[in-house]
Amino acid sequence: MKKINIGILASVDSGKTTLSESMLYISGSIKQRGKVDNKDTVLDNYEVERNRGITVFSKICELTYNDNLVTIIDTPGHVDFTVETEYVLNVLDACILLIDATSFVTGQTKTLWDILDKMDIPVFLFVNKIDLDKN
C-alpha cells in the first residue's frame with residue numbers, strides 16, 4: 001500500500017474542513033459528514049474551534065483510496081494561525097489549495113502559494129463555493 005500525505009490549505013472560511021470531512025465520508029472512513037455550522041465535525045474537535053467556527057490547530061486524519069493510505073492534514077486558514085500551517089509543510093507530498101469563489105484570491109492565498117512554491121510542494125487548485133453568489 002502506497003502512503004501519501006496531502007495538506008488542505010486556504011484562507012479562513014474557504015471550506016477546508018468541509019472538504020476534508022467530505023473526503024473522509026466518501027471514502028467510508030466516517031459514517032456521517034459533520035458540518036462546521038453544526039459544530040459536529042470530526043476534525044474541529046477543540047471547544048475553541050467549535051465556538052469560533054474556525055480551525056485553530058492542524059488535524060491529521062486518514063483514508064484509504066485505491067489501495068493508497070492517504071493522510072490528510074486539515075490546516076488553519078486564519079492569518080493568525082499561519083505558523084500552525086507552516087509546521088506541517090515539511091511532511092507533505094502534495095497539497096490542495098482551496099480558492100473560495102465568493103472571495104476570489106485573498107492575500108493569505110497568495111502567501112500560501114508563495115510558501116508552497118518556495119518549498120516545491122506540488123499543488124492542486126480547488127475552486128470551492130462556485131455554486132454560491134458573491135456577497
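Nothing here was measured: the structure is a model prediction, and the numbers come from that model.
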Checklist entry - Would Asp74 and Cys61 satisfy side-chain contact (heavy atoms from CB on, under 4.5 Å), going step by step from the backbone distance to the final call? => result CA-CA 8 Å; Asp74 180 31; Cys61 56; 6.0 Å; no

Checklist entry - Step by step, would you call Val12 with Gln108 a side-chain contact (heavy atoms from CB on, under 4.5 Å)? => result CA-CA 9 Å; Val12 68; Gln108 179 67 356; over 6 Å; no

Checklist entry - Between Glu21 and Leu43, does a side-chain contact (heavy atoms from CB on, under 4.5 Å) hold up when you go through it step by step? => result CA-CA 8 Å; Glu21 289 274 327; Leu43 296 168; 4.0 Å; yes

Item to check | Step-by-step side-chain contact (heavy atoms from CB on, under 4.5 Å) determination, Ser29 to Glu62 | outcome: CA-CA 8 Å; Ser29 296; Glu62 292 182 336; over 6 Å; no

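Residues Val105 and Lys110 have side chains in contact (heavy-atom distance under 4.5 Å, counting atoms from C-beta outward). With a 4.5 Å cut-off on side-chain heavy atoms, Leu92 and Leu89 count as touching. Residues Thr55 and Lys16 form no side-chain contact, since every pair of their non-hydrogen atoms from C-beta on lies 4.5 Å or further apart.
Both Leu125 and Ile121 belong to a common hydrophobic cluster when Ile, Leu, Val, Met, Phe, Trp and Tyr are linked at side-chain heavy-atom distances under 4.5 angstrom. Linking Ile, Leu, Val, Met, Phe, Trp and Tyr whenever their side-chain heavy atoms come within less than 4.5 Å puts Trp113 and Val88 in one cluster. Cluster annotation: Ile96 and Val91 are assigned to distinct hydrophobic clusters (Ile/Leu/Val/Met/Phe/Trp/Tyr, side-chain heavy-atom contacts under 4.5 Å, transitive). Hydrophobic clustering (side-chain heavy atoms under 4.5 Å, transitive across Ile, Leu, Val, Met, Phe, Trp, Tyr) keeps Val79 apart from Leu97. Linking ILVMFWY side-chain heavy atoms closer than 4.5 Å, directly or via other members, places Val42 and Ile73 in two distinct hydrophobic clusters.
Taking CD1 from Ile72 and CE from Met23, the interatomic distance works out to 3.5 Å, rounded to the nearest 0.5 Å. Rounding to the nearest 0.5 Å gives a distance of 13.5 Å between CD1 of Ile8 and NZ of Lys59. The structure places CZ of Phe81 at 12.0 Å from OH of Tyr87, a figure rounded to the nearest 0.5 Å. In this structure, CG on Leu9 lies 4.0 Å from OG1 on Thr75, to the nearest 0.5 angstrom. To the nearest 0.5 Å, the span separating CG on Asp40 from CZ on Arg33 amounts to 12.0 Å. Considering CZ of Arg52 and NZ of Lys39, their distance stands at 12.5 Å, rounded to 0.5 Å.
Between the side chain of Asn68 and the main chain of Asn66, a donor-acceptor pair closer than 3.5 Å is present. The main-chain N or O of Phe57 is never found under 3.5 Å from a side-chain atom of Glu84 such that the two would form a donor-acceptor pair. Not a single donor-acceptor pair under 3.5 Å links the side chain of Asn51 to the backbone N or O of Val48. Between the side chain of Lys2 and the backbone N or O of Val70 there is no donor-acceptor pair closer than 3.5 Å. Of the possible donor and acceptor atoms, none in the side chain of Asp67 sits under 3.5 Å from a partner among the backbone N and O of Met1. The backbone N or O of Pro76 lies less than 3.5 Å from a partner atom in the side chain of Thr85, making a donor-acceptor pair.
Between Val127 and Ala101 the shortest heavy-atom distance is CG1-CB, 3.9 Å.
Applying side-chain contact (heavy atoms from CB on, under 4.5 Å) to Asn5 and the options Asn90, Ile60, Thr71 leaves one that passes, Thr71.
Between Thr17 and Thr41, the side chains place no donor N or O within less than 3.5 Å of an acceptor N or O (distance only, hydrogens not considered).
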